[in-house]
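Below is one structure; the comments refer to it alone.
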Amino acid sequence: MTTQQTAPTESISPSGTVPAPDAADAALRGGDRPWAGGRAPRLPSLTGMRFPAALLVFLFHLSLPAHWLMPGDANTTLFARLVEQAGGVGVTFFFVLSGFVLTWSARKGDAHRRFWRRRYVKIVPNYVVAWALAMLLIAAGTAPWRSVATFFMLQSWIPDYDTNFSVNSPGWSLSTEVFFYLCFPLLLAGVRRIAPQRLKIWIAGVVAAVCVTPWLATTFLPAGDVYMSNEPGVSGLHLWFAYVFPPARLLDFLLGILVARAVMLGRWRNIGLAWSGLLLATSYLVAELPGVPYLFAQRAVCLVPCALVIAAGALADASGRPTLFRRRTMVWLGEVSFAFYLLHFIVLSEVRNMLGARPESGWAAAVCALAECALSVLVSWALFAGVEKPLVRRWSRAKAPAAATTA
C-alpha cells in the first residue's frame with residue numbers, strides 16, 4: 001500500500017539521496033521526516049513492485065505437486081527447480097515492504113486505533129472473501145477446527161504444517177502480518193528513539209538475527225514426523241519456526257521500518273534500482289545453488305537485496321525519476337496485487353480440478369499457466385473494485401465531527 005500524500009520533491013537531491021545533516025536535524029527537532037511540509041512523497045514505484053512480488057508467489061505455487069502444470073513429477077522439472085525460492089523471495093519482499101511503507105507514511109500523533117482500523121479495513125474483508133471462496137471451491141474437506149483457525153487468522157501460530165497452509169495456502173502470511181500491525185506502533189516508537197548514526201548497527205543486527213533463525217530452528221527444535229510436500233528433507237516444524245512463526249518473521253518487518261527510517265534521515269547508501277535489481281537476481285541464483293540450506297535460502301539470502309530494491313524505488317520516486325514500476329499499468333497491477341495474492345491459489349486449484357489431466361507438453365502447460373495468471377488478475381480486479389476499494393474509501397478514515405450550529 002502506498003501513501004496517498006503528496007509533497008514537493010525539492011528537498012530530495014538529484015542523486016536520489018536525502019541531504020543528511022538538514023534531514024536528520026529536522027527529524028530530531030520533532031518532525032518525523034525531512035520532506036517539505038512534513039509530508040512524504042508518494043511511492044508509485046513501490047506500488048508497482050508489488051505485482052512482480054506476488055507473481056513470484058504465483059509461480060512457486062504453480063510448480064507444487066498439488067498444482068501440476070508441467071509434464072512429469074513437478075518436484076523434478078526444470079521449472080520447479082527454477083522457482084523453488086520464488087515464493088520465499090516474494091513473501092520476504094512483502095514483509096520488508098510493509099514495514100517500509102507504513103513507516104514512510106506514518107504521522108506523528110496518529111492514534112493507534114485509527115491505524116489499526118485502516119489496516120483492518122484494508123486486509124480483513126478481502127481475506128474473508130478469499131477464505132469463503134476457498135471453503136466453497138477447494139477446501140470443503142478441511143477439518144472444522146482448522147477452518148475456524150484460518151478464518152480468525154490464527155494458522156501461523158500453530159506449529160502444525162497442515163494447519164499453516166490449510167484452506168487458502170497464502171493466507172498464512174496475512175495471519176503473520178496481522179501480528180506486525182499490532183506491533184507496529186510500539187516498534188515505530190522504539191525505532192524513532194534510535195540515534196540516526198546508530199541505525200546501521202540496528203539494521204546489521206536484524207539481518208544477523210534473520211540469518212540465525214534457521215539455525216535455531218534446526219538446532220533446538222525436533223524434526224517431528226511431518227515434512228514438506230515439495231521439500232521432503234525439510235521438517236514442517238522447522239519450516240514453521242523459521243518461515244511462518246510471526247515473532248520470527250517480525251524481523252523482516254522491523255528491517256523495513258529501520259530502512260525507511262534510515263532513508264528518511266539521509267542515512268542510507270543508495271546504489272540505485274539497476275544495481276539493486278542485479279544484486280537481487282544474483283542472490284536468487286545463490287539461493288538456488290546446491291548445498292545452500294533450504295531454510296537459510298528462504299529466509300536470509302535475498303533479504304538485504306530486497307531492502308535495497310525497496311529503498312532505491314522510494315528514493316527514485318522521491319526525486320521524481322521515472323522507473324518501470326511507476327508506469328500506469330504496473331501501478332494498477334500493484335493495486336490489485338493483494339487480491340491477486342489471496343485468490344491465485346484458488347484459481348490454480350480450481351483449474352487443475354476442471355482439467356482433470358496433465359497438459360501433454362510444455363507449450364500446453366505454458367499456455368495454461370498464462371491463462372491462469374490472466375484469470376487470477378481478472379478475479380482480483382473484481383475483488384479490488386467491488387470490495388477492497390469501496391470499503392477502504394468508506395471506512396479507513398474517521399468521520400469528521402459534525403459542524404456546530406448557531407442560533
Side-chain angles (χ1 to χ4, degrees), residues 47-91 93-94 126-127 129-141 165-174 229-230 284 324-325 327-389:
T47 300
M49 289 179 186
R50 294 179 62 88
F51 184 75
L55 189 61
L56 288 175
V57 180
F58 171 88
L59 292 173
F60 170 70
H61 287 148
L62 192 67
S63 73
L64 293 181
H67 306 287
W68 42 258
L69 278 177
M70 301 296 288
D73 184 352
N75 276 326
T76 61
T77 62
L78 176 61
F79 173 74
R81 303 312 300 176
L82 288 175
V83 300
E84 181 182 28
Q85 300 296 333
V89 174
V91 170
F93 188 91
F94 277 126
N126 276 11
Y127 179 90
V129 170
W131 179 90
L133 287 173
M135 288 297 300
L136 178 66
L137 297 174
I138 66 174
F165 306 104
S166 62
V167 183
N168 185 24
S169 182
W172 74 267
S173 67
L174 276 300
S229 59
N230 60 307
Y284 185 88
L324 170 66
F325 301 104
R327 293 182 179 179
R328 182 175 299 180
T329 299
M330 291 302 301
V331 171
W332 181 83
L333 288 170
E335 289 174 343
V336 304
S337 63
F338 175 48
F340 178 89
Y341 181 83
L342 285 173
L343 296 178
H344 76 271
F345 190 87
I346 301 170
V347 172
L348 289 173
S349 298
E350 188 65 10
V351 170
R352 172 202 144 194
N353 291 335
M354 291 172 59
L355 288 177
R358 297 175 185 268
E360 296 182 358
S361 69
W363 283 108
V367 170
C368 187
L370 288 173
E372 286 183 312
C373 185
L375 179 59
S376 297
V377 170
L378 181 62
V379 296
S380 300
W381 170 78
L383 181 59
F384 171 76
V387 176
E388 180 181 338
K389 188 176 181 179

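- Under the 3.5 Å distance criterion, the side-chain polar atoms of His344 are matched with a main-chain donor or acceptor of Tyr341.
- To the nearest 0.5 angstrom, Glu335 atom CD is 7.0 Å from Lys389 atom NZ.
- Looking at heavy atoms from C-beta onward, Val57 lies out of side-chain contact with Ser173 at the 4.5 angstrom threshold.
- When all heavy atoms of Leu343 and Leu133 are compared, the closest pair comes out as CD2-CD1, 4.0 Å.
- In Trp381, the CH2 atom is not crowded: 12 or fewer heavy atoms of neighbouring residues, nucleotides or ligands sit closer than 6.0 Å.
- In this structure, Cys373 and Leu62 have side chains that are not in contact, with every pair of non-hydrogen atoms separated by 4.5 Å or more.
- To the nearest 0.5 Å, atom CH2 of residue Trp332 and atom OG of residue Ser337 are 10.5 Å apart.
- Rounding to the nearest 0.5 Å places CG of Leu342 at 8.5 Å from OG of Ser380.
- The shortest side-chain heavy-atom distance between Val379 and Leu383 does not fall under the 4.5 Å cut-off.
- With a 4.5 Å cut-off on side-chain heavy atoms, Arg50 and Phe340 do not count as touching.
- The OG1 atom of Thr329 lies 6.5 Å from the CG atom of Leu333; values are rounded to the nearest 0.5 Å.
- Phe94 places none of its side-chain heavy atoms less than 4.5 Å from the side chain of Leu56.
- Between Phe60 atom CZ and Gln85 atom CD the span is 8.5 Å, to the nearest 0.5 Å.
- Side-chain contact between Trp131 and Asn168: absent, with no pair of heavy atoms (C-beta onward) separated by less than 4.5 Å.
- The two residues Phe325 and Val331 have their closest heavy-atom pair at O-CG2, 3.8 Å.
- Rounded to the nearest 0.5 angstrom, Ser63 OG and Asn230 CG are separated by 7.0 Å.
- For the pair Asn126/Phe384, no side-chain contact is recorded, criterion being any heavy-atom separation below 4.5 Å from C-beta on.
- The two atoms that bring Ala369 and Phe58 nearest to each other are O-CZ, 3.9 Å, heavy atoms only.
- Although no hydrogens or angles enter the test, the distance criterion places no donor-acceptor pair under 3.5 Å between the side chain of Ser349 and the main chain of Ile346.
- A heavy-atom distance below 4.5 Å is found between the side chains of His61 and Leu64.
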